[in-house]
Structures are given as structure tokens and as C-alpha cells.
2 protein chains.
Amino acid sequence: MEVAGLLRHGVEQQLREAADLSYVQFQLLARLGLDAPAGSLRMTDLADGLVHSRSGLTYQAGLLEQAGLVTRAPSPDDERSIMVTITAAGRRRLGDVLPGHVDVLREMFLAPLGDEGVHALASLLAPVRDHMRASPPRSATRRRRTAPPEG
Amino acid sequence: MEVAGLLRHGVEQQLREAADLSYVQFQLLARLGLDAPAGSLRMTDLADGLVHSRSGLTYQAGLLEQAGLVTRAPSPDDERSIMVTITAAGRRRLGDVLPGHVDVLREMFLAPLGDEGVHALASLLAPVRDHMRASPPRSATRRRRTAPPEG
DNA sequence: TATTGTTATACTCTATAACTATA
DNA sequence: TATAGTTATAGAGTATAACAATA
């Protein structure tokens, strides 16, 4: 947890200073610009795994739209859905931060880990990630030992 | 990062629901109650590694004090320092959450990892943690590739 | 002058609930 | 009735800068 916390802090600083992006904003942008085939995704698909509430995504996507880095338009397929699309400016911004972002990752995390360590870590954590994705996130909620102090 | 994020989210939920503690508050309490010999530490030592700003610690310690879980008193040795001490109520609260906390850790993280995995992970990450602690946290700041958009 | 800690302030982010609209 | 998304709102947490006091 300490490693992840320090890494995240370092990453957030670089993203903020180099491109004025929050961590979530960067991830949304990266998902659109690097993973999404046509540079667009439905809000829900975009949110997947990045945010814990719908409104949180609306908020962050709104900021990206205000900054001109994405556009939002109703989907032709399903009129309930909104397609979020990365703009040219968004791709530019993403390209601008990416090298520095990778630098931070490498210097803080990948270098001390070494190539072998990186692979070992990935093998170790992949099943954990799958387990976490699969299990109901509320399991922790139901299984408390002590009664809440409210009653 | 995803594993750490999900784990932290699960942990935070349990801490909040079982004992009305934030993650940081729990860590402060744990450091005082489990690590500190006499249950007390100077503010600065208490903060070490848990918080990224002094005021952040003052805020969290203030909440703990309000809740009667710690006390704050000037240090006899150095009158600039404040000794934070866990109270009986604080130890009780800590004892109340701890079992559930460990449950969450085990179910989300330790179990899917397995005993061997836990050890392997610890060996892998220990040097990374040391590297991160040692290297100036601002390295990311100075090493930016793109000029900040301000000027 | 450097260190310890607090305060004032402003801001970012998150989450819940109520709501609209489409399927 | 369920799904997609927004909005209103409220609260928690964080950080910066200015500050007071001690070393």
C-alpha cells in the first residue's frame, strides 16, 4: 500500500504539472486515446473500473469536455447512451504527458523492480486483480464484526 | 495500481462502517497503538510516510482528538513538539476494527495471493519501497518534459 | 535561521439521492 | 421495470501560505 501510495502521488504530481490533468482524467484520456479503437466509448464503458460512482464520471468527463479534450454526443444506437470521444487537442495533450509519465513510472517503480521483477509482479497480481473484479465490492460491507457505533 | 485502488476502497469501507475511521485515521491509531512503545509519538514522527503535508496531519489528529481517541500535549523535551497519545478509548476502537480489517485484507488480497505469493510480493516490493522513501519525492517535479501551460 | 505545529483558505474530488429519458 | 446519464448537494480530505513559538 505504501508503494502504491507513493507511486500514485508521484504520478499525480507529474500529470498535474505537465498537463494539468488529474489521475482519473489521465486514465480516461488514455483509455480513449490508446485503448478505444475509434477514440470513443460510452460513458459506462469508459467508467468501468476507474470510478466508483456514476456521478464521479460525469464530473470528470465534464471537466475534460470543458477543457476541449473530449466531446460528448448521444449514441445513434442507444439514445440513452452518451459517446465520449477524444479530440485532437486531447490526443495532443495525451502525447505531451505520456513520455514524462512513463519516466516517472520507470524511475520510481520499474527500474528498482527490474525486468524480472516487473514480470514476477505482474504474474503475482493478475489473479488478485481478477479476484477483486469478480467478487462483489460490498463483501467487506456485510461482513463486519463490530456493530456500527450509531445505535 | 488497480489492485491497490480496489483494496484501499474495500479497506476504507470497512473502516468507515465498522469504526467510523478514515484510512489515515486508522493508520495513525495503529501506529500509536501497535508500533509506538508507550502509545505516543511526536506529530512529525507520527506523520512520517502517512501524510504529504503537515496541515493534513493536524487535521486528522484533530479529528481523532475530538473523538477522544488520542490526546495532544506539549512535549517536555522540546517545547515545540506535541506528543500525541492514544487513549483507552482509542485502543478499544482499534481493537474493535482490527479483526474486520484483517478479514478484508485476507479475503480481498492475501487469500488469492497465497502464502507463497505474499512472501514473494513482499520480497519484490521491499526494495521498491526503500527506493521510494530514499529518493526525493520531488524528482518527478523537476524532470518534466513539457512546459507547464501557464506561461 | 531552522524546526514544530496550527490556522485560514480555497479547492478537488467523491458519493448519495432525486431526477429525466430511453429501452 | 431496468438502464444510461445528469444534477444538486453535501461532506471529506488535501495542500499552500501565512503565522506563532521554540531551538
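Just so it is clear, the structure is predicted and the values come from calculations on it, not from any experiment. All heavy atoms count here, side chains included; hydrogens, waters and symmetry mates do not. Letters A, B, ... are given to chains in the order of the sequence lines, protein chains preceding strands, and every chain is numbered from 1.
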#### Entry: Distance (rounded to the nearest 0.5 Å) between A:M132 CE and B:L7 CG
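Interatomic distance, A:M132 CE to B:L7 CG, rounded to 0.5 Å: 4.5 Å.
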### Task
To the nearest 0.5 angstrom, please state how far the CG atom of B:L124 sits from the CZ atom of B:R129.
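If we round to the nearest 0.5 Å, B:L124:CG and B:R129:CZ are 12.5 Å apart.
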[X] has a side chain; which of [options] sits nearest to it?
| X | options | answer |
| --- | --- | --- |
| A:I82 | C:dT7, C:dT4, D:dG5 | D:dG5 |
| A:R16 | C:dT12, C:dT6, D:dG5 | C:dT12 |
| A:R80 | C:dA21, C:dT4, D:dA12 | C:dA21 |
| B:R54 | D:dA12, D:dA23, C:dT6 | C:dT6 |
| B:D78 | D:dA2, D:dA23, D:dT6 | D:dA23 |
| B:R42 | C:dG5, D:dA23, C:dT6 | C:dG5 |
| B:M43 | C:dT6, D:dT14, D:dT22 | C:dT6 |

### Query
For the residue pair B:F26 and B:H101, does the interplanar ring angle fall in the parallel (under 30°), tilted (30 to 60°) or perpendicular (over 60°) class?
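B:F26 vs B:H101 ring planes: tilted.
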Calculate the interatomic distance between [X] atom [atom1] and [N] atom [atom2]; express it in whole Å.
| X | N | atom1 | atom2 | answer |
| --- | --- | --- | --- | --- |
| B:H52 | C:dT12 | NE2 | C1' | 15 Å |
| B:L41 | C:dT4 | CG | C1' | 15 Å |
| A:Y59 | C:dC11 | OH | P | 11 Å |
| B:D77 | D:dT22 | CG | C1' | 14 Å |
| B:Q25 | D:dT14 | CD | C1' | 14 Å |
| A:L57 | D:dT3 | CG | C1' | 15 Å |
| A:R8 | C:dC13 | CZ | P | 10 Å |
| B:E17 | D:dA12 | CD | P | 15 Å |

### Query
Contact class for B:S22 vs. all strands (heavy atom < 4.0 Å): base, sugar-phosphate, or nothing?
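Answer is sugar-phosphate: B:S22 comes under 4.0 Å of backbone atoms only.
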### Task
Answer with base, sugar-phosphate or nothing: what part of the nucleic acid does A:L63 contact at a heavy-atom distance below 4.0 Å?
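Result for A:L63 = sugar-phosphate.
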### Message
Quick one: does any side-chain atom of A:R91 pair with a main-chain N or O of A:G33 as donor and acceptor, under 3.5 Å?
### Response
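A pair under 3.5 Å: yes.
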### Message
Checking the side chain of B:R93 only, and the main-chain atoms of B:A19 only, is there a donor and an acceptor separated by less than 3.5 Å?
### Response
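Yes, because the side chain of B:R93 sits within donor-acceptor range (under 3.5 Å) of the backbone of B:A19.
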### Carboxylate-amine/guanidinium proximity below 4.0 Å for A:D103 and A:R106
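A salt bridge is present here (some side-chain N lies under 4.0 Å from a carboxylate O).
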### Query
Is there a donor and acceptor pair, one atom on the side chain of A:S81 and one on the base of D:dA4, closer than 3.5 Å?
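No such pair is found, so the answer is no.
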### Under-3.5 Å donor-acceptor pair between A:S55 side chain and C:dT16 base
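Answer is yes: a donor-acceptor pair is held.
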#### Entry: Phosphate OP1/OP2 of C:dT12: any A:Q60 side-chain N/O under 4.0 Å
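Answer is no, no contact under 4.0 Å.
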### Message
Please tell me if B:R72 has a side-chain N or O lying less than 4.0 Å from either OP1 or OP2 of C:dG5.
### Response
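False: B:R72 side-chain N/O out of range (4.0 Å or more) of C:dG5 OP1/OP2.
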